[in-house]
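Since the structure comes first, as structure tokens, the remarks are kept for the end.
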Amino acid sequence: MIVRFSVLLIIFTGCLKLTAQQELADYVNTLQGTNSKHELTRGNTYPTTALPFGMNTWTPQTGNNGDGWKYQYFKETIRGFQQAHQCSSWSNDYAVFSLMPVTQTLKLNENDRQSGFSHDNETAKPHYYQVSLENGVNTEMAPTERGVHMRFSYPKNQKAFLVLDGYTGLSSINIDKKNKRITGYVHNGRGMDRFEHFKNYFIIQFDKPFKTFGTWDNTTGEKKDQAIAAEGKGKGAYLQFKDGAKVQAKIASSYISLKQAEVTLKSELGKAKNLEATGAKAKKIWSTHLSKIRVEGGSETNFKTFYSCFFRASLFSRKFYEINEAGEPYYFSPYDGKVHEGYMYTDTGFWDTFRAQFPLNALLYPEMHGRYVAAILDAYEQCGWLPSWSFPSEAGSMIGNHAISLLADAWAKGIHTFDPEKALKAYYHEATEKGPWGPANGRHGHKEYYTLGYVPYPKYGEATAKTLEYAYDDFCAYNLAKMTGNAFYENIFGRQMYNYKNVWDDSVGFMRGRKANGNWVEDFDAYEWGGPFTEGNAWHYVWSVFQDPKGLIDLMGGEQQFNAKMDSVFSVPNTVHVGTYGGKIHEMTEMELADMGQYAHGNQPIQHMIYLYNYSGQPWKTQSRARQVMSKLYNYTENGYPGDEDQGQTSSWYVLSAMGFYSVCPGTDEYVLGSPVFEKTTITLENGNEFVISAKNNSDKNVFINKANLNSEIFTKNYLTYSQIINGGSFDLEMTNTPNKTRGLKETDKPFSLTEN
């Protein structure tokens, strides 16, 4: 690994422990998962320099303007340092501008100004990014929530230029030589298209005077020396400083106004004397944040992988609100284009993140999560639909109506910050209409789903996957209604939450595409991707019955057949038939490379599957498979993920699983047991309590739970509840290298299913 860790590692008995002097932020590698490309992703991440859930992030740029692959580890040149908000390479970015230092001769075009670099001369931490470019400039960045502190150290006696690039859309530039600053705005990316007045206003305050300056146009290459203002597509600026200068730039931005950007600049960066001060403050914030989960024991690789994943899980969803002069939150709404008081969060796709990222947030940050779920209903009021993929406005991407999962999950865990009747009314609208913005904005096939009990294929693409996810969402609405005494909605959605059974074909033993006339789609092939499924095949979607594993067990003929089917996922060939995709997509390649049969952990649909053994009388198989996936498919390097990281979801899967449990069915209060990676894990809860997980004799071979005690009482269940964790206490496990095939087998030990045992 090239990134250097400045802390001292203390190794003994094969395990790593953290001393009081060490800071957890030092163990994070923000280059994790950056060695990605269109054909094969190892995370599709970029070296994010940011604070937890910060509104803006910052990154070096190796790709062309507009390229979703903004930083790729194998590239050899950097062409800018960006303000970024990207949560997926596939959706690209918005509200971007960049700065690039240039020496000797002024070069404006991104291809001309790019400079070579080496990872040997790069530091990538959450609180600090640094790289020495081959043009001789050392560039550094330290973040705040809505800004950044940059420093450009130019080589001695060489001309020192700095280029501001307005990126791919509209931009405005105003150069204030007297006050050593540039102000303006950018309006770019699909996420800002909904409103013409949706702008990202910025202020860049320098500490050195400008020797010369001007504006330029990245669409034509035209530059205007000494011009102080420009507005239009691709407008930018350039500055020249004293030869060999060391220049600091404090940058803040706002979606509300230039005045608010000024307020933010003053509040977040005004007191920082230098970049070291900003970086030290950011490091303290990150180390405090990461210390919410302290792990001990395990290998150095496990330690670094855990905290790198925990960092990535702590970036989404992003704060979209700003703090005014009175210290109060308000925001420009990407849903109605107006300014509102209160909190708003964006940049996430619920199809990915309802599974683990939000259940992790609910555990560690219930106050923030309470604000988040309340803001979901604010978004509904502002645009008429519950969000499903906010980037930052509603995109409607992927499938399902999973906002209800977040709402029901919060309520089940005692986070009651919203009106449940209003939430159910909003979901009813979502479930009975089709919105204008994509497949997950309302419901494709909602009429047929209601009348037939399933979404027919090929009338609707991805129909079987939609049926399964609609049924889960209907369960979440049913459970929210049941918890809040709303018999009307409980009755409506209680009739639909078993609809998964209508796409089960016993003759093939899988979920299957079904026509509107009731017939099955011909020529079934369990290895064929696409068609009635989303980014997967029948092997992946047969397990998508989060709300009723017992009902699925019954469909398969009982526990013995169910377990045999689970086992076969790993023993059948990793065969791929491209199906309706017409060619290989990266998820197919990643499943092949994982070499775990049809287990495709690089994408979300099957990530919960290994935890289902807890429902079928063989919990020890969950324990061994969870540890196998973590050790084989994750690490802290540039190749650190088995597929798209996806807005914190894949990282959150690891964080939860490494602690020893996972959220199979969000919308309930249960976390289903696996096998912890570390000998000791201390979770410090927001209420001040500590939940301590001790795994005696834990090792790479001792992955099985032999005995368990919760607060000194014998514990046989295969799940923990939310309240058991947040109330604090001790969870003591005895680990062995052979499975205990008698523990956790009683019906009362099994996690929640709609179908009662």
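For reference, positions follow the sequence shown, starting with 1.
Note on Glu276 versus Arg151: salt bridge recorded, some NZ/NE/NH1/NH2 to OD/OE distance being below 4.0 Å. Electrostatic pairing of Glu268 and Arg146 counts as a salt bridge here, judged by a charged N lying under 4.0 Å from a carboxylate O. Classification of Lys413 and Asp409 as a salt-bridged pair holds, one side-chain N sitting under 4.0 Å from a carboxylate O. A salt bridge links Lys319 to Glu145: at least one charged side-chain nitrogen sits closer than 4.0 Å to a carboxylate oxygen. Salt-bridge check for Asp26 with Lys125: failed, with every basic side-chain N at 4.0 Å or more from each acidic carboxylate O. Ion pairing between a basic and an acidic side chain is recognised when a charged N comes within 4.0 Å of a carboxylate O; Glu367 and Arg371 show such pairing.
Between Trp286 and His289, the two ring planes are perpendicular [angle over 60°; tilted spans 30° to 60°]. In this structure, Tyr634 and Tyr654 have tilted ring planes: the angle between them lies in the 30° to 60° band. Between Tyr94 and His85, the ring-plane angle classifies as parallel under the 30° and 60° cut-offs. Ring planes of Phe241 and Tyr154: tilted class, angle from 30 to 60°.
Leu133 contributes atom CG, which lies 5.0 Å from atom OG1 of Thr139 (distance to the nearest 0.5 angstrom). To the nearest 0.5 angstrom, Ile204 atom CD1 is 14.5 Å from Lys250 atom NZ. In this structure, CE in Met150 is found 8.5 Å from OG1 in Thr49, a value given to the nearest 0.5 Å. Here Tyr46 contributes atom OH and Ser36 contributes atom OG; the two are 13.5 Å apart, rounded to the nearest 0.5 Å. Separating the CG atom in Asp347 from the CE atom in Met55 is a distance of 10.5 Å, to the nearest 0.5 Å. Rounding to the nearest 0.5 Å gives a distance of 11.0 Å between CD1 of Ile251 and CD of Gln205.
Nearest heavy atom pair, residue Met100 against residue Ile78, reads CE-O, 3.3 Å. A pairwise comparison of heavy atoms in Ala25 and Pro126 identifies O-CD, 3.9 Å as the closest pair. Heavy-atom minimum distance, Asn29 versus Tyr636: ND2-O, 2.8 Å. When all heavy atoms of Pro329 and Tyr343 are compared, the pair lying nearest together is CG-CZ, 3.6 Å. Residue Gly147 comes nearest to Trp58 through the heavy atom pair O-NE1, 3.2 Å, listed as atom of the first residue, atom of the second, then distance. When all heavy atoms of Phe81 and Pro101 are compared, the pair lying nearest together is CE1-CD, 3.9 Å.
The number of heavy-atom neighbours closer than 6.0 Å to NZ of Lys281, taken from other residues, nucleotides and ligands shown, is 12 or below. Counting heavy atoms of neighbouring residues, nucleotides and ligands inside a 6.0 Å radius, atom NZ of Lys266 does not exceed 12 of them. In Lys292, the NZ atom is crowded: over 12 heavy atoms of neighbouring residues, nucleotides or ligands sit closer than 6.0 Å.
Centroid-to-centroid, the aromatic rings of Phe198 and Phe332 come within less than 6.0 Å. Taking the six-membered ring for Trp and the full ring otherwise, Tyr372 and Phe358 have centroids separated by under 6.0 Å. Remark: aromatic rings of Phe661 and Tyr671 are close, center separation under 6.0 Å. Checked against the 6.0 Å centroid threshold, Tyr73 and His119 count as a close aromatic pair.
Using a 3.5 Å distance cut-off with no hydrogens or angles, the side chains of Ser652 and Gln357 do not pair a donor with an acceptor.
Between the side chain of Asn44 and the backbone N or O of Ser89, no donor-acceptor pair lies under 3.5 Å.
A cation-pi contact, defined as under 6.0 Å to the ring centre and within 45° of the axis, links Lys199 to Tyr185.
The side-chain contact (heavy atoms from CB on, under 4.5 Å) test with Phe202 is passed by exactly one of Ser171, Ser253, Ser254: Ser253.
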